[in-house]
Amino acid sequence: MQHLWTLLVMVAAAINLAPVLGAFAPDRIAVLYGVSLDDSNLQILMRHRAVLFGLVGGLLLGAAFRPRLRTLGYAVGFASMLSFPLIAWLVGGYSAEIRHVILVDGVGIAALAGAGVVQAFWLRAKAA
């Protein structure tokens with residue numbers, strides 16, 4: 001079960017780490033989100049967003065191997081991955097690319113929730 005837990009957290013970490021390339025290659029951001037980054041202000045915001053994803057993904061990766069980071073990893077991971085679909089739903093009218101990001105976030109949310117279930121019901125029971 002420990003291996004399953006680690007795998008699930010690493011899936012969530014990978015999902016958050018994937019956009020980090022956009023901090024260095026803005027054309028990847030344009031493809032990923034289906035937006036034009038001709039406005040330098042938007043490019044700054046989106047590249048910074050990519051860096052923040054790197055921080056979330058790094059924290060989740062650390063949590064996969066450092067038990068003391070688990071609670072913080074869950075909190076930050078869920079806050080990040082739940083907020084995007086929520087904001088998209090509130091705003092509406094989003095593109096197919098954004099819909100794809102929402103689906104990928106759904107996979108990350110499910111992976112993190114699965115890790116929480118494994119931890120709560122199998123790993124805690126084993127530790128007790």
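Quick note: residue numbers are just sequence positions, from 1.
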In one Ile/Leu/Val/Met/Phe/Trp/Tyr side-chain cluster, 4.5 Å: [X], [Y]:
X: I109; Y: L60; value: yes
X: L52; Y: L86; value: no
X: W122; Y: L4; value: yes
X: I98; Y: L42; value: yes
X: M81; Y: Y33; value: no

Return all side-chain donor-acceptor pairs below 3.5 angstrom for residues 5-18, not counting sequence neighbours, or 'none' if the list is empty.
from: W5; atom 1: NE1; to: Y74; atom 2: OH; distance (Å): 2.7
from: W5; atom 1: NE1; to: A115; atom 2: O; distance (Å): 3.2
from: T6; atom 1: OG1; to: Q2; atom 2: O; distance (Å): 3.0
from: T6; atom 1: OG1; to: Q2; atom 2: NE2; distance (Å): 3.4
from: N16; atom 1: ND2; to: A12; atom 2: O; distance (Å): 2.9

Distance check, rounded to the nearest 0.5 Å: [X] atom [atom1] versus [Y] atom [atom2]?
X: N41; Y: L45; atom1: CG; atom2: CG; answer: 7.0 Å
X: F78; Y: L112; atom1: CZ; atom2: CG; answer: 4.0 Å
X: L32; Y: M46; atom1: CG; atom2: CE; answer: 7.5 Å
X: R28; Y: L37; atom1: CZ; atom2: CG; answer: 12.0 Å

Do F53 and S80 have side chains that get closer than 4.5 Å, going by heavy atoms?
yes

Looking at side-chain heavy atoms only, is the closest gap between I102 and Y94 below 4.5 Å?
yes

CZ/R49: more than 12 non-hydrogen atoms of other groups inside 6.0 Å:
yes

Heavy-atom donor-acceptor pair, R47 side chain to A23 backbone, under 3.5 Å
yes

Non-neighbouring partners of L59 that pass side chain to side chain contact (heavy atoms under 4.5 Å, CB included), sequence neighbours left out:
L69, L72, V76

Ignoring hydrogens, what is the shortest heavy-atom contact between V20 and A50? Give both atom names and the distance.
CG2-O, 3.6 Å

